[in-house]
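What follows is a short report on a single structure.
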Amino acid sequence: MLAHSIKRSSCYSFNSTLRTLLKSGNLEKARHHFVQFRDQGFLPDNYTIPSLLKLLHDLHQTLHYRENIHSFAIKNGHLKDIFVTTGFVEMYFGFGYVASSRQLFDETPIKDVVLWTAMVSGFSHNGLGDLSVNFFAQMVGEGVKPNRITLTSVLAACSQLMVPKLGRSVHGFSIRNGIFNPDVVLETAFVDMYAKCGNLTYSTKVFDRMRDRNSVTWNAIITGHANNQFPEPTFRLFREMIYENLREPESSVLASLLQVCGGTSDLRHGREIHGYVTRSCRNMNSDMMVENNALIDMYAKAGDLNSAVLLFENVKNKNLVTWTTMISGYGMHGLGTEAVEAFSAMKKTGITPDGVTFIALLSACSHGRLVDEGLQLYMSMQRDYKIEPEMKHFACMVDIYARSGLLDQAFSFIKKMPVEPSEFIWASLLSSCRTYKNVVLGERATEKALAFNQYNTGVYILLSQLYADSGQWEDFSKVRLVMKDLGLKPTTAQSWVEVERKIYVFAVRDNMNPYSEKMYKLLETLTETMHKEGFVAYRSSGCHDITKEGKEGNLCGHTEKLALAFVLIKSEGHRGVTRIGKNLRVCKDCHVFFKFISKIKDCDIILKDPNRYHHFKRGNCNCCDLW
DNA sequence: GTTCTTAAAA
């Protein structure tokens, strides 16, 4: 009797110490504490088990080890305690064993809010937003009143499913039931949900009304604006954040911002953030891993590969993401060899590549036309690293063959794939068919791609360009007619360039610019000189002939030429690198023109299109005229 | 005496 009560009280104090250690994140001490407890012959009770599961989770212990505890709990009747059950439900969700969690839930006769909430949150964490929402509805139907944590969890599912209506009704529910007492986490979840569903108005409304905001809140509103393509408010919010909080933004906030800079090629803001990162005292207490990786990615995506490489070389602790980012950076700038070399260097440091690394590598090989290397790497990935290829790897392989003109090999690779090829794969094959004017295969690829999505504008455009390039004008017109019938319009071409800290955007037949007249005149003179010097324009090129059809049918608009002319006028005599961006693929005619300008003006031009970067230098482009 | 919560770089 006495011994029993001593054991109980020791168990009690052990449990509370373990909880304290876990809360403060003192993992090693917690582990040591548990080992001592076990070695003294104590057995975990129903209060111990939830904490123990949390400890094992934080220590990344294997599932097997935790299953032993499950058997122990069953044997000792601990599963009668709903706290214990909830712990195991969570554990199985964490390993993706949704069915096990569900079974445990079903076997529990009396369910409380917390167990229900664990289900709602577990489903959404496993990408099963619909089940999460269903369980939420079922719970309310059974008269269990959700708490603020339940609501937060179901909101994650709403964002996942992109159902703002449901999110809104949850919002209403929370207000009606008074669950909205200032709670940063719940409010943040609303900000995030509305932003993810594309409703920035509501998102901002909730955000503005909040009394307390933490870094997650700021990150949610900033990423929300960033992902919805609103760069200006994104940066305004960033400045506000620094001002209001009077403290350092977290790495993730900076990473989101840099992602925006990379996506919009906004080098100016990107450099500003780089400056901020360098000046701030964050370097003292963090390894800057996330910041550095995001910066390297930003520089590469914004077209300044030199700065990306410079930073990369200066980073001392490179992790897998650092290397993969650099490899992908080389790839998008057409430097396949450099990408492969970086990969070898990475292996030498003892870092093991993962599936993402190989996507970056293979895509670098396709843009650098390294067919053999690509194939070698693809085989090595499976043989040496036991990485199962996924759709993205297959797509890269098809592209490696197709981009190099080995269309038949690309096609037979597709036929041998163990899974059904995606829409994207067929569209990319079609794109290469256009480059190499292979009408037969191009038509086949079109058919396959359209079977996925009849309204894929890009596919129709590519097919029409293929016909135009092959001189099949009747077929060209047919495609255009089909597009018209389906109500599909080609994307309007747009180019942009930054001059003297301002970004100028050029649309088709842009006459709004005060320099318009000068620009068109300059283009005329330069084109004349170009022809005299023997630079051949692609007269048969699709976009050139289409231009004759008038404004609506204009696919290219040569907006990149307008941007270039603008730069030439504004920065006469200046010999820097010019960076121009375009929302559509560069047309062949403009490509020749850019090569010519880089030669006669002896300047470097970097042109970004949705596929890759073109580096024009001394009359050449590093894409070797295939892209 | 305890269990369930938001954002996040390739």
Side-chain angles (χ1 to χ4, degrees), chain A residues 9 11-20 22-23 45-54 81-91 93 111-122 124-125 139 146-156 159 183-193 195-196 206 213-224 226-227 249-259 262 288-298 300-301 318-329 331-332 353-361 363 392:
Chain A
S9 77
C11 210
Y12 171 82
S13 73
F14 162 76
N15 288 337
S16 69
T17 311
L18 180 61
R19 257 197 310 281
T20 320
L22 277 172
K23 254 196 189 134
D45 66 3
N46 54 326
Y47 289 101
T48 322
I49 291 171
S51 305
L52 184 55
L53 287 175
K54 188 174 175 353
D81 185 340
I82 198 158
F83 289 86
V84 174
T85 312
T86 309
F88 285 113
V89 164
E90 251 195 293
M91 175 189 93
F93 268 131
K111 301 153 171 98
D112 68 353
V113 210
V114 180
L115 181 58
W116 276 105
T117 304
M119 294 307 287
V120 172
S121 127
S124 91
H125 277 146
M139 162 185 176
N147 61 20
R148 62 204 166 82
I149 300 178
T150 324
L151 297 187
T152 310
S153 306
V154 79
L155 285 178
S159 323
D183 176 72
V184 198
V185 178
L186 178 57
E187 286 169 301
T188 301
F190 279 116
V191 170
D192 184 52
M193 180 274 296
K196 281 217 176 98
V206 179
R213 299 165 184 145
N214 61 20
S215 64
V216 181
T217 321
W218 281 100
N219 192 63
I221 192 85
I222 291 176
T223 359
N227 292 339
E250 290 200 9
S251 310
S252 56
V253 179
L254 291 168
S256 306
L257 284 162
L258 288 167
Q259 223 184 350
M288 301 280 288
M289 204 66 111
V290 173
E291 286 87 347
N292 283 329
N293 293 347
L295 279 167
I296 294 169
D297 188 50
M298 180 279 295
K301 285 203 175 121
K318 300 179 178 68
N319 66 8
L320 179 61
V321 179
T322 322
W323 285 99
T324 306
T325 308
M326 197 61 247
I327 290 170
S328 126
M332 58 181 107
D354 67 2
V356 187
T357 315
F358 277 99
I359 293 172
L361 259 175
S363 125
K392 285 200 168 154

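The chains referred to below are lettered A, B, ... by the order of the sequence lines, with proteins before strands, and numbering in each begins at 1.
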**Request:** Begin with the C-alpha distance, continue with both residues' side-chain angles, and end with the deciding distance and a verdict on side chain to side chain donor-acceptor pair (under 3.5 Å) for A:Thr150 and A:Thr117.
**Result:** CA-CA 5 Å; A:Thr150 324; A:Thr117 304; 2.8 Å; yes
**Request:** Could you go through the side chain to side chain donor-acceptor pair (under 3.5 Å) check for A:Asp45 and A:Asn15 one step at a time?
**Result:** CA-CA 9 Å; A:Asp45 66 3; A:Asn15 288 337; 3.2 Å; yes
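In this entry the distance linking CG of A:Leu18 with P of B:dG1 reads 17 Å, nearest Å. Atom CD of A:Glu291 is separated from atom C1' of B:dA8 by 11 Å (rounded to the nearest Å). Distance CE (A:Met193) to C1' (B:dA7): 15 Å, rounded to an integer number of Å. Atom CE in A:Met326 sits roughly 15 Å away from atom C1' in B:dA9 (whole-Å rounding). Distance A:Leu53 CG to B:dT3 P: 12 Å, rounded to the nearest Å. Regarding A:Ile221, its CD1 atom lies at a distance of 13 Å from the P atom of B:dA8, rounded to whole Å. In this structure, A:Ile82 atom CD1 and B:dT2 atom P are separated by 15 Å, rounded to whole Å. Put simply, CG on A:Leu258 is 11 Å from P on B:dA9, counting in whole angstrom units.
Checked against B:dA9, B:dA8, B:dT6, the side chain of A:Ala255 finds its nearest nucleotide in B:dA9. Which of B:dA9, B:dT2, B:dC4 sits closest to the side chain of A:Tyr47 comes down to B:dT2. When each of B:dA9, B:dT2, B:dT6 is scored by its nearest atom to the side-chain atoms of A:Asn293, the top-ranked nucleotide is B:dA9. Checked against B:dA10, B:dT6, B:dA8, the side chain of A:Thr188 finds its nearest nucleotide in B:dT6. Closest to the side chain of A:Asn219, from the set B:dT6, B:dA8, B:dA10, is B:dA8. Picking from B:dT5, B:dA8, B:dT3 the nucleotide with the shortest atom distance to the side chain of A:Thr86 gives B:dT3. Picking from B:dT3, B:dT5, B:dA7 the nucleotide with the shortest atom distance to the side chain of A:Asp192 gives B:dA7. Checking B:dA10, B:dT5, B:dC4 against the side-chain heavy atoms of A:Asn147 singles out B:dC4 as nearest.
Between B:dT5 and A:Ser121, a contact under 4.0 Å exists linking OP1 or OP2 to a side-chain N or O. Phosphate contact (OP1/OP2 of B:dT2, side-chain N/O of A:Lys23, threshold under 4.0 Å): absent.
Within the 4.5 Å cutoff, no side-chain heavy atoms of A:Leu53 are placed close to those of A:Glu90. Using a 4.5 Å cut-off on side-chain heavy atoms (C-beta onward), A:Ile49 and A:Phe88 make contact.
No contact: A:Ala294 has no heavy atom under 4.0 Å from any strand. Heavy atoms of A:Asp297 sit under 4.0 angstrom from primed sugar atoms or phosphate atoms, though from no base atom. Residue A:Lys318 is out of contact with every strand shown, counting any heavy-atom pair closer than 4.0 Å. If you check every strand for non-hydrogen atoms under 4.0 Å, A:Asn292 touches nothing. Residue contacts shown for A:Ser153 are limited to sugar-phosphate atoms, with no base heavy atom under 4.0 Å away. Within the 4.0 angstrom heavy-atom criterion, base atoms lie near A:Thr117.
At most 12 non-hydrogen atoms from other residues, nucleotides or ligands lie less than 6.0 angstrom from NZ of A:Lys392.
In this structure, A:Trp323 does not pack face-to-face on the six-membered ring of B:dA10, missing the 5.5 Å centre cutoff or the 30° plane limit. A:Phe83 does not qualify as a stacking partner of the B:dT3 base, lacking a centre-to-centre distance under 5.5 Å together with planes within 30°.
A side-chain hydrogen bond (donor to acceptor under 3.5 Å, both in side chains) with A:Asn293 is found for one member of A:Thr322, A:Thr325, A:Thr324 and no other, namely A:Thr322.
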